[in-house]
**Q** 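Questions regarding the structure given below will be posed in turn.
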Amino acid sequence: MKCPYCGYEESKVIDSRSADDGERIRRRRECLKCGKRFTTHEVIETVPIIVVKRDKSREVFDRNKLTAGILRACEKRPVSIQQIESMVDSIEAKLQSSLDREITTMQIGELAMEEIKKVDEVSYVRFASVYRQFKDINTFMEELNKLLTEKK
């Protein structure tokens with residue numbers, strides 16, 4: 001860390017403390033050349049996830065859109081807000097841990113369906129019907145049959 005007083009690039013950490021509810025680390029440092037002390041703040045660097053939509057346009061991942069979609073599928077079902085938040089957290093963690101910085105809406109939809117299926121089958125079918133754009137009742141029945149087969 002470069003000293004703000006003399007520009008020397010070597011310093012030692014005297015004290016470290018968590019700040020902003022663990023989002024940052026505050027460090028007191030001492031320059032090894034001039035001996036003056038200064039404070040630095042470390043923040044986790046986040047690289048935005050870019051979502052590639054069906055029309056090939058791109059936008060930054062929006063957690064609120066994912067939450068809204070899952071909320072819609074779980075409407076009037078015995079699924080708590082905590083469960084929905086947990087699903088969204090899990091999906092977002094998978095996206096962040098992925099080495100890909102660009103992800104398609106199809107991949108996000110698949111991750112969402114995996115999470116919803118674990119919690120509520122009716123919500124899963126609702127989400128799948130919109131996400132997979134079922135063309136007719138036969139496509140809908142195929143998805144239901146897959147669900148029944150997996151359950152056995």
Side-chain angles (χ1 to χ4, degrees), residues 1-133 143 146-147 149-152:
M1 184 64 58
K2 198 175 196 178
C3 175
Y5 302 105
C6 70
Y8 191 66
E9 293 194 14
E10 298 287 326
S11 64
K12 67 178 179 180
V13 176
I14 299 169
D15 181 43
S16 289
R17 291 187 185 169
S18 181
D20 295 337
D21 294 328
E23 297 293 319
R24 298 171 167 251
I25 295 177
R26 178 185 172 274
R27 297 194 193 278
R28 286 293 292 158
R29 296 177 175 271
E30 185 177 301
C31 176
L32 294 177
K33 184 176 179 188
C34 69
K36 291 195 177 178
R37 293 183 176 188
F38 56 99
T39 302
T40 61
H41 293 271
E42 274 184 34
V43 181
I44 296 174
E45 183 179 21
T46 56
V47 179
I49 297 167
I50 303 299
V51 177
V52 181
K53 298 170 78 173
R54 290 180 191 203
D55 67 357
K56 303 294 183 221
S57 64
R58 287 167 165 69
E59 65 182 46
V60 175
F61 172 75
D62 184 355
R63 178 188 171 91
N64 294 330
K65 284 185 178 182
L66 179 59
T67 304
I70 294 175
L71 264 169
R72 217 169 299 117
C74 297
E75 200 170 313
K76 296 183 182 178
R77 296 295 304 154
V79 180
S80 70
I81 294 295
Q82 289 79 15
Q83 287 173 302
I84 292 170
E85 283 295 321
S86 177
M87 285 187 267
V88 174
D89 288 343
S90 175
I91 294 164
E92 192 172 20
K94 287 175 185 171
L95 295 176
Q96 289 290 349
S97 66
S98 166
L99 297 177
D100 296 329
R101 295 322 318 153
E102 284 192 355
I103 189 154
T104 64
T105 53
M106 304 240 343
Q107 291 168 300
I108 294 171
E110 292 296 327
L111 290 171
M113 288 195 318
E114 283 175 28
E115 293 297 321
I116 295 169
K117 189 190 285 188
K118 295 175 195 173
V119 175
D120 185 62
E121 292 172 342
V122 173
S123 300
Y124 165 77
V125 172
R126 285 180 180 172
F127 190 91
S129 68
V130 173
Y131 168 70
R132 292 215 171 116
Q133 299 176 337
E143 191 65 35
K146 271 194 247 176
L147 190 61
T149 306
E150 288 174 11
K151 201 170 183 181
K152 289 178 184 177

**Q** Does the side chain of Ile103 come within less than 4.5 Å of Phe61's, by heavy atoms?
**A**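 The answer is no; the side chains never approach within 4.5 Å.
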**Q** Among Glu30, Arg27, Met1, which one satisfies side-chain contact (heavy atoms from CB on, under 4.5 Å) with Val13?
**A**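 It is Arg27, the one option of Glu30, Arg27, Met1 that forms the side-chain contact (heavy atoms from CB on, under 4.5 Å) with Val13.
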**Q** OG1 of Thr104 to CD1 of Ile50: how many Å apart, nearest 0.5 Å?
**A**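 Between Thr104 OG1 and Ile50 CD1, I get 13.5 Å after rounding to 0.5 Å.
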**Q** Could you tell me which non-hydrogen atom of Ile25 sits nearest to which non-hydrogen atom of Ser16, and how far apart they are?
**A**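 In this case the closest contact between Ile25 and Ser16 is CG2-CB, 4.4 Å.
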**Q** Are Val79 and Met87 packed together at the side-chain level, in the sense that at least one heavy-atom pair is separated by less than 4.5 angstrom?
**A** yes
**Q** Shortest non-hydrogen contact from Gly7 to Lys2?
**A**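 So the two residues come closest at O-CG, 3.4 Å.
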**Q** Enter the distance from Asp15:CG to Thr39:OG1 here, rounded to the nearest 0.5 Å.
**A**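 One finds 9.0 Å between CG of Asp15 and OG1 of Thr39.
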**Q** Does a salt bridge link Glu121 with Arg77, judged by any charged N lying under 4.0 Å from a carboxylate O?
**A** no
**Q** Take a 6.0 Å sphere around CZ of Arg101 and say whether it holds more than 12 heavy atoms from other residues, nucleotides or ligands.
**A** yes
**Q** Under 4.0 Å between a Lys/Arg side-chain N and an Asp/Glu carboxylate O for Arg126 and Glu75?
**A** no
**Q** Quick one: closest heavy-atom pair of Gly69 and Phe127, and the distance?
**A** O-CD1, 4.0 Å
**Q** Kindly compute the distance separating CZ (Arg37) from CZ (Arg28), expressed to the nearest 0.5 Å.
**A** 7.0 Å
**Q** Could you tell me whether a side-chain N or O of Ser57 sits under 3.5 Å from a main-chain N or O of Lys53, the two making a donor and an acceptor?
**A**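 No: the side chain of Ser57 does not pair with the backbone of Lys53.
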**Q** How many angstroms lie between CD in Gln107 and CD in Glu102, if you round to the nearest 0.5 Å?
**A**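 Output value for this atom pair is 10.5 Å.
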**Q** How many angstroms lie between atom CD of Glu10 and atom CZ of Arg29, to the nearest 0.5 angstrom?
**A**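 So the CD of Glu10 and the CZ of Arg29 are separated by 10.5 Å.
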**Q** Return the minimal non-hydrogen interatomic distance between Cys31 and Tyr8, and the atom names on each side.
**A**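 Looking at all heavy atoms of both residues, the closest pair is SG-CB, 3.9 Å.
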**Q** Minimum heavy-atom separation for Gln83 to Pro78, with atom names?
**A**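 Minimum heavy-atom contact is OE1-O, 3.9 Å.
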**Q** In Å, rounded to the nearest 0.5 Å, how long is the span from CD1 of Ile70 to CD1 of Ile91?
**A**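 Taking CD1 in Ile70 and CD1 in Ile91, the distance rounds to 4.0 Å.
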**Q** How close do Cys74 and Ile84 get, heavy atom to heavy atom, and via which atoms?
**A**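 Heavy atoms only, the tightest pair is CB-CD1, 4.2 Å.
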**Q** Measuring only between side-chain heavy atoms, which start at C-beta, is Asp89 closer than 4.5 Å to Arg63?
**A** yes
